[in-house]
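In the text below, chain A, chain B and the rest are named by the order of the sequence lines, each starting its count at 1. Note: hydrogens, waters and symmetry copies are ignored here, and every other heavy atom, side chains too, is used.
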There are 2 protein chains.
Amino acid sequence: MRDVAALAGVSLKTVSRVVNNEAGVSPVVTAKVERAVLQLGYRHNLAASNLRRGDARTSTVGALLQDVSNSFSSSLLRALEDAAHQRDVAILASSLDEEPSRERTLVESLLRRRVDGLLIMPATERQDYLVDEVRGGLPLVFVDRRPQGVDADSVTVDNISGARQAAHHLVGQGHSRIAFLGDLTAIQTAAERLSGFESGLAERDMVLDPRLVVTEIRSDAEAMAALLEVLARPSPPTAVFAARNTVAIGAVRALRHSGLSSKVALVGFDDFPLADVLEPGLTVVRQDVRRIGEEVARLLFARIDGDVSPPHHIVITPELVVRGSGEIRPQ
Amino acid sequence: MRDVAALAGVSLKTVSRVVNNEAGVSPVVTAKVERAVLQLGYRHNLAASNLRRGDARTSTVGALLQDVSNSFSSSLLRALEDAAHQRDVAILASSLDEEPSRERTLVESLLRRRVDGLLIMPATERQDYLVDEVRGGLPLVFVDRRPQGVDADSVTVDNISGARQAAHHLVGQGHSRIAFLGDLTAIQTAAERLSGFESGLAERDMVLDPRLVVTEIRSDAEAMAALLEVLARPSPPTAVFAARNTVAIGAVRALRHSGLSSKVALVGFDDFPLADVLEPGLTVVRQDVRRIGEEVARLLFARIDGDVSPPHHIVITPELVVRGSGEIRPQ
DNA sequence: ATCACATGCGACAACGTTGTCATACGGGGC
DNA sequence: GCCCCGTATGACAACGTTGTCGCATGTGAT
C-alpha cells in the first residue's frame with residue numbers, strides 16, 4: 001500500500017480510501033491510484049484491515065460438521081454456503097468424526113481466527129465450554145443436536161416422531177419381529193431414534209426385542225456385518241429399521257448379499273441420493289436437509305447482524321417417504 | 001493481552017512468550033500468566049500474530065470445488081482436510097458451480113484473506129489471471145482439470161483412457177448402437193471423455209452416431225429426460241455411456257422408468273456411493289478420489305513448505321469396475 | 001473584499017501482536 | 001573483589017491498515 005501511494009503520488013490514507021470505495025476522492029486521483037494498484041499487483045490485506053477496524057468482522061464463519069464427505073453434512077454445508085455467498089462470507093469447514101476432543105480443538109482454532117459465527121453439529125455431549133463465548137456475544141447455532149449446558153440457537157429434527165412413524169409403518173405392514181440397527185447411543189440423535197422407535201412400538205402394544213437391537217454401528221461395513229449376523233439367527237427378523245443413512249446402506253448391502261431384498265422389509269432414517277432407484281426403492285424417514293440448512297443460515301446471520309433475542313429452537317418434523325422396501329409384508 | 005500482562009504483573013512481551021510456548025520464561029511467571037489468561041478468558045489473535053510475524057502464514061488454505069455437496073468434490077475436500085488437520089491448517093471451502101465469474105471473485109476473496117495455498121477445480125477455461133500470483137510464489141494446485149495459460153501443479157484423471165475403456169467394453173459386449181450422454185463440452189474433462197469415447201469406438205472400427213450424442217447435460221433430471229427422449233426414437237440405442245456421475249444417475253432413473261434396466265447396457269464415468277447395490281449393479285469407470293485427494297494435498301503442502309521445483313502433473317488412470325449393467329448384451 | 005463552509009487530501013495514532021535489542025541479576029572463575 | 005557470561009525480562013518499533021482530525025483550497029453569499 002505504501003508503494004502504491006508512492007507510485008500514485010498520494011498519501012497512504014488516500015489509497016485506503018480508494019480501495020474501500022470511500023467517497024470524497026476526486027476522479028483524477030482515484031484513477032491514478034487504481035492504475036498504481038494494477039501496476040504493482042497490490043492486494044488489500046483483509047486481516048490488517050479487520051485488525052484496525054473496530055468492528056472485528058472477518059466475514060468468515062466456521063462450520064463444524066460430522067463429516068464433510070457425508071451427504072447430510074455436505075448438503076448442509078452447501079445450503080450455508082449459498083446464504084454466505086450472498087454476503088461475501090467465507091466458510092471454514094471441518095469434520096469432527098464424532099470425536100469430542102476434535103470439536104474442542106477446532107472450536108479453539110476457529111475462535112483464534114476470529115470467525116464471525118459458528119455452526120456446530122456437536123460431537124461432545126455437553127457444550128458448557130462455550131458458555132463464556134455465547135455470553136460474550138459469539139453467534140452460535142447448533143444443528144442436528146440440541147446444545148447441552150449452553151443456551152444457543154438450534155435447528156434439529158424431531159427424531160422421536162420420525163422413528164415412531166417408522167415403527168407404526170412397519171407394524172402396520174404386519175411385522176412383529178423387527179430389528180433395530182443404530183449408531184452410538186452416546187449420540188443424542190441416535191438415542192432419540194431408538195427411544196422413539198420403542199415408544200412407537202409400545203403404542204401398538206409391542207416391545208422391541210433386545211436381541212434384535214444392535215447399536216454402536218459406525219460404518220456401512222459394520223452395519224452390513226451386524227445385519228448379516230442377525231439374519232443368520234434361528235428366528236430372524238422380518239423387518240429392519242436402520243436409524244442412519246450409512247447404516248441403511250449397510251443394511252441394503254446385507255439384504256442384497258443374502259438375497260432377501262424383496263423378503264425382509266427395510267426402513268431407513270435420513271434420505272440419500274439414489275435411495276429411490278434401489279430395488280426395491282428404499283422407504284425412508286426424510287429430514288429436509290435443504291430446509292435445515294436454510295434455517296441454520298437464517299439464524300446464524302441474524303445473530304451476526306446483531307439479533308440478541310432469546311435462543312430459538314427450531315424443530316423440523318421428518319416425513320415418511322414410501323418407496324417399496326418398507327411395504328414388504330412378513331413371509 | 002495488555003490486560004493479561006497487567007493482571008499477571010508482567011510485560012506484554014512476556015505474555016507473548018508464554019502463549020507461544022517460547023523458552024526462557026521462568027515457571028513461576030509462566031504460571032502467573034496462564035492464570036491470568038484463564039481468568040480473563042484471553043484468546044490469542046491469529047490475525048494480528050500473522051500480521052506481525054514476517055512469514056505470513058495464516059495456516060489456512062482455500063479449496064474451490066465444483067460443488068461441495070457433490071460426492072466427488074466432498075470426498076476430495078475430506079482428503080485434503082485429513083492432510084491439513086495434521087498441520088493445524090484450516091480450509092476455506094467454496095463451490096464454483098461451473099461459473100467462471102464465481103471462480104474469479106472467490107480466488108480474489110481468498111487471496112485477500114492471505115491463504116497459504118489454493119486448490120482449484122477450475123470453472124474457467126483459462127487461468128492466465130493467476131500467472132502473477134504463481135510467479136509471486138502462491139502455492140497452487142489444480143485438480144480434475146489441467147491449468148491453461150498458467151504453469152502450476154495438477155492432479156487429473158486420464159479421461160481419454162477411461163472413456164476408451166468404456167467404449168471397448170461396450171463394443172466387446174456386442175453393442176453397435178451406443179448413446180453418449182455428457183456434460184457441457186466447454187468443460188475440459190467432458191470434452192475429453194467424448195473424444196476418448198469416440199477414439200475407443202474408432203479403434204474397433206466404429207463411429208459414434210451423432211444422433212445418439214447428447215451433451216450440455218447439467219443435472220440428473222436433464223440426463224433422465226434426455227435419455228428417455230433418445231430411447232423413444234425409432235431405433236433406440238442398445239447401450240449407453242453416461243460421462244459423469246450425476247448424468248449416470250439420471251440414466252439409471254430413465255432406464256428404471258422405462259423398464260429397460262436389464263435390457264439396455266449402461267456404463268458410467270465416476271463411481272459413487274451405492275452404485276454397487278443398484279439392480280443391476282452399475283458398471284463404472286472409477287477415478288480413485290481418495291488417491292487424487294492425497295496427491296493434491298501432498299503437492300499443495302510441499303509447495304507451502306517451499307518446494308520450488310517445476311510443476312508436477314500427476315495423471316491418474318481410472319479403471320473399469322464391472323458390476324452388471326455394462327455387461328448386458330444387445331437384444 | 002470578507003466570511004462561512006464544503007471538498008479533497010494528508011499526518012498521525014492505533015488495532016493486537018512479536019522481533020530486536022537492551023538491561024538487570026546471579027553465579028562462577030580468577 | 002573483579003570480570004564475564006548466561007538467564008529472565010522489558011521497552012520499543014513495526015506488521016498493513018483505517019479512524020480522527022486538521023489543513024489547504026475553492027465556492028458562493030454577503
_Please convert DNA chain D into dot-bracket. A pair counts if it is Watson-Crick or G-U wobble with both distances under 3.5 Å; crossing pairs go in [ ] and bases paired with another strand get |._
||||||||||||||||||||||||||||||

_Rounded interatomic separation in angstrom, taking NZ from A:K13 and C1' from D:dC21_ = 11 Å

_Reading DNA chain C from 5' onward, which residue's closest nucleotide shows up sooner: B:R17 or B:N45?_
B:N45

*Would you tell me if any nitrogen or oxygen in the side chain of B:T14 comes within less than 4.0 Å of OP1 or OP2 on D:dA8?*
no

*asked:* Under a 4.0 Å threshold between the charged nitrogen and the carboxylate oxygen, would A:R298 count as salt-bridged to A:D307?
replied: no

*Quick one: pull up CG in A:L77 and OG in B:S73 and give me the separation to the nearest 0.5 Å.*
11.0 Å

*Counting N and O atoms only, with roles assigned by atom type, does the side chain of B:Q188 sit under 3.5 Å from a partner on the main chain of B:R146, one being a donor and the other an acceptor?*
yes

Sequence neighbours left out, cut at 3.5 Å: what donor-acceptor pairs do the side chains of residues 88-95 of chain B make with other protein atoms?
{"residue": "B:S95", "atom": "OG", "partner": "A:E81", "partner atom": "OE1", "Å": "2.7"}
{"residue": "B:S95", "atom": "OG", "partner": "B:V68", "partner atom": "N", "Å": "3.0"}

*How do A:S16 and B:R52 order along DNA chain D: which one's closest nucleotide is nearer the 5' end?*
B:R52

*With the threshold set at 4.0 Å, does a side-chain nitrogen-carboxylate oxygen contact exist between B:R87 and B:D305?*
yes

*asked:* Tell me whether B:E108 is salt-bridged to B:R104, with the criterion being a basic N under 4.0 Å from an acidic carboxylate O.
replied: no

_Could you tell me the boundaries of the chain A footprint on DNA chain C, defined by atoms under 4.0 Å from its heavy atoms?_
C:dG8 to C:dG16

_Between A:S109 and A:R113: side-chain donor-acceptor atoms closer than 3.5 Å_ = yes

*asked:* Nearest heavy atom decides the nucleotide; on that basis, is B:T30 or A:R2 closer to the 5' end of DNA chain D?
replied: B:T30

*asked:* Ignoring hydrogens, what is the shortest heavy-atom contact between B:P122 and B:R145? Give both atom names and the distance.
replied: O-NH1, 2.8 Å

